[in-house]
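All heavy atoms count here, side chains included; hydrogens, waters and symmetry mates do not. What you see is a predicted model; the values in this text were computed from it and never measured. Numbered from 1 within each chain, the chains take letters A, B, ... in sequence-line order.
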Protein chains: 2
Amino acid sequence: MKKEPEFCQFQEALGILVGKWKPVILVHLLNDGTQRFSVLKRKMPGITQRMLTKQLRELEDEDIIQRVIYPEIPPKVEYSITEYGRSLEPILEAMHEWGSSHVARKQAEEPGAQEEKLS
Amino acid sequence: MKKEPEFCQFQEALGILVGKWKPVILVHLLNDGTQRFSVLKRKMPGITQRMLTKQLRELEDEDIIQRVIYPEIPPKVEYSITEYGRSLEPILEAMHEWGSSHVARKQAEEPGAQEEKLS
DNA sequence: GCCATTGGTACCCTCGAGGGAACTATACCA
DNA sequence: TGGTATAGTTCCCTCGAGGGTACCAATGGC
């Protein structure tokens with residue numbers, strides 16, 4: 001598996017994951033399974049309808065999630081991870097793990113001001 | 001390892017990896033070891049001095065890479081991955097792998113469209 | 001008639017990442 | 001005396017991601 005930087009495909013994965021809400025959306029769908037729009041929205045305090053719709057559309061366009069519309073009134077739309085989207089899990093897993101230790105490290109670094117700097 | 005979305009740490013990893021040139025820089029340093037500024041720049045066609053400096057500084061601020069200045073004229077500055085930066089490798093690895101299959105998938109999807117991408 | 005519900009869309013704005021171009025310092029070389 | 005090399009910095013600009021607000025359609029409940 002040669003990684004030639006000129007052709008590295010990180011950007012492909014990054015391009016899909018980058019988006020303020022995308023990773024969060026994916027985790028919700030991965031953890032809790034199929035969910036409708038309003039439920040998803042309630043689980044993400046701070047997000048607006050506009051943004052949620054936008055991020056969901058982008059993920060759908062990449063075939064990462066699936067959108068099912070039920071012809072009811074009021075509308076009912078359910079989102080779920082696709083098989084393909086599930087293949088992103090290792091990346092999310094790796095990032096979550098790294099992120100956790102990164103946070104721990106940062107907290108250990110600056111507990112207040114200076115501590116064991118005395119040599 | 002519970003992943004609570006409210007507290008998910010993806011953003012930590014993403015925040016460090018996001019940046020048009022950061023993954024590429026990291027791969028170069030991971031693959032080829034310590035390198036000076038000009039060499040790095042030559043390996044990244046299209047990047048400007050300004051941008052390379054900026055991205056390197058940001059990675060340095062996060063303790064992902066190390067900067068060593070030799071007091072010579074003309075200046076000599078060498079960059080290398082830190083131990084800590086090396087811990088990002090699994091993520092890059094996972095993203096590269098996923099990205100590669102993603103590209104393959106896209107090409108299989110639209111056989112007539114993408115051609116000159118193989119250059 | 002009036003309102004709530006659900007999943008959107010349309011319009012407009014802000015802010016920062018990315019980037020282009022020019023300038024800097026210092027020493028060596030011809 | 002001017003040119004070259006290296007690693008920057010400064011100033012200014014563009015463009016798009018993100019976001020705020022308002023509006024819509026169709027139905028059921030009072």
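- Phosphate proximity of D:dG18 to A:Trp21: absent, as no side-chain N or O sits under 4.0 Å from OP1 or OP2.
- Ranking C:dT5, C:dG20, D:dG20 by closeness to the A:Pro74 side chain, first place goes to C:dT5.
- In this structure, CD of B:Glu72 is placed 11 Å from C1' of D:dT6, rounded to the nearest angstrom.
- Among the atoms of the strands shown, none is found under 4.0 Å from any heavy atom of B:Tyr70.
- Contact annotation: B:Arg50 does not reach the phosphate of C:dA21 (side-chain N/O to OP1 or OP2, under 4.0 Å).
- Remark: B:Arg67 does not engage B:Glu78 in a salt bridge, criterion side-chain N to carboxylate O under 4.0 Å.
- By the 4.5 Å heavy-atom criterion applied to side chains, B:Met51 and B:Trp21 are counted as neighbours.
- When the C1' atom of C:dA17 is taken as reference, atom NZ of B:Lys54 falls 6 Å away, rounded to whole Å.
- In terms of phosphate contacts, A:Ser38 brings no side-chain nitrogen or oxygen within less than 4.0 Å of OP1 or OP2 of C:dT5.
- Comparing atom distances between the A:Pro75 side chain and each of D:dT27, D:dG8, C:dG7 picks out C:dG7 as nearest.
- Here the side chain of A:Ile73 is nearest to one of C:dG8, D:dA7, D:dT27, namely D:dT27.
- Taking side-chain N and O atoms only, B:Lys20 has a distance below 4.0 Å to OP1 or OP2 of C:dG19.
- Side-chain N or O atoms of B:Thr82 include one that pairs as donor or acceptor with a backbone N or O of B:Asp63 at under 3.5 Å.
- Look at CZ on A:Phe37: it is 11 Å from P on C:dT6, rounded to the nearest Å.
- Counting to the nearest Å, the P atom of D:dG8 and the CZ atom of B:Arg36 are 10 Å from each other.
- Note on A:Gln55: a side-chain N or O is less than 4.0 Å away from OP1 or OP2 of D:dG18.
- OP1 or OP2 of C:dG8 has at least one side-chain nitrogen or oxygen of A:Arg57 nearer than 4.0 Å.
- Figure legend: A:Arg105 and B:Tyr84 shown as a cation-pi pair, the cationic atom lying under 6.0 angstrom from the six-membered ring centre and within 45 degrees of its axis.
- Judged by distance alone, with hydrogens and angles left aside, the side-chain atoms of B:Gln9 form no donor-acceptor pair with the main-chain N or O of A:Trp98 at under 3.5 Å.
- Considering only the side chain of B:Thr53, D:dT9 comes nearest among C:dG19, D:dT9, C:dG8.
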